[in-house]
Amino acid sequence: MSSKIDKVCAEIEKVKAKISEQQTRLRELERQKTELENTEIVELVRSLNLTPAALADFLKEQKKAPAASGQIGPKSGERKEEPADDEN
């Protein structure tokens with residue numbers, strides 16, 4: 001091969017090695033991010049001081065009707081229908 005081709009091949013190998021290093025670094029950073037997110041979630045859940053059963057119930061309710069605004073309870077303008085009083 002010519003020296004120009006050899007130089008290009010050597011440069012290709014250097015770039016491949018750098019890419020591999022960066023991919024390894026990226027995977028490690030993504031792992032750290034996930035670990036930090038999980039820690040934050042656990043801290044938030046623990047701050048609610050709920051039993052596991054109460055937490056499960058809370059999450060089920062949120063899954064049924066998630067409040068888009070972060071509001072808990074009925075949205076403004078919505079009222080729960082009161083049962084009719086039939087004691088007449």
E11/K14 under side-chain contact (heavy atoms from CB on, under 4.5 Å): CA gap, chis, key distance, verdict
CA-CA 5 Å; E11 185 67 22; K14 286 167 73 175; 4.1 Å; yes
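Residues I12 make up the rest of the hydrophobic cluster containing V8, defined by ILVMFWY side-chain heavy atoms closer than 4.5 Å, directly or through other members. Residues V15 make up the rest of the hydrophobic cluster containing I19, defined by ILVMFWY side-chain heavy atoms closer than 4.5 Å, directly or through other members. Cluster note: L44 groups with no other residue, as no ILVMFWY side-chain heavy atom lies under 4.5 Å from it.
Looking at K63 and K60, their side chains never come closer than 4.5 Å, going by heavy atoms from C-beta outward.
V42 and L59 fall into different hydrophobic clusters, where Ile, Leu, Val, Met, Phe, Trp and Tyr residues are linked whenever their side-chain heavy atoms come under 4.5 Å apart, directly or through other members.
Salt bridge absent: E28 and R25 never bring a charged side-chain N and a carboxylate O closer than 4.0 Å.
In this structure, the separation between OG1 on T34 and CG on L29 is 11.0 Å, given to the nearest 0.5 Å.
With sequence neighbours excluded, the residues that form a side chain to side chain contact (heavy atoms under 4.5 Å, CB included) with E13 are K16. The side chain to side chain contact (heavy atoms under 4.5 Å, CB included) check on R27 picks up Q23, T24, with sequence neighbours excluded.
Heavy-atom minimum distance, V45 versus L55: CG1-CD2, 3.4 Å.
Within the structure, the salt bridge (charged side-chain N to carboxylate O under 4.0 Å, His left out) test picks out the following pairs touching residues 35-49 (sequence neighbours left out): R31-E35, K33-E37.
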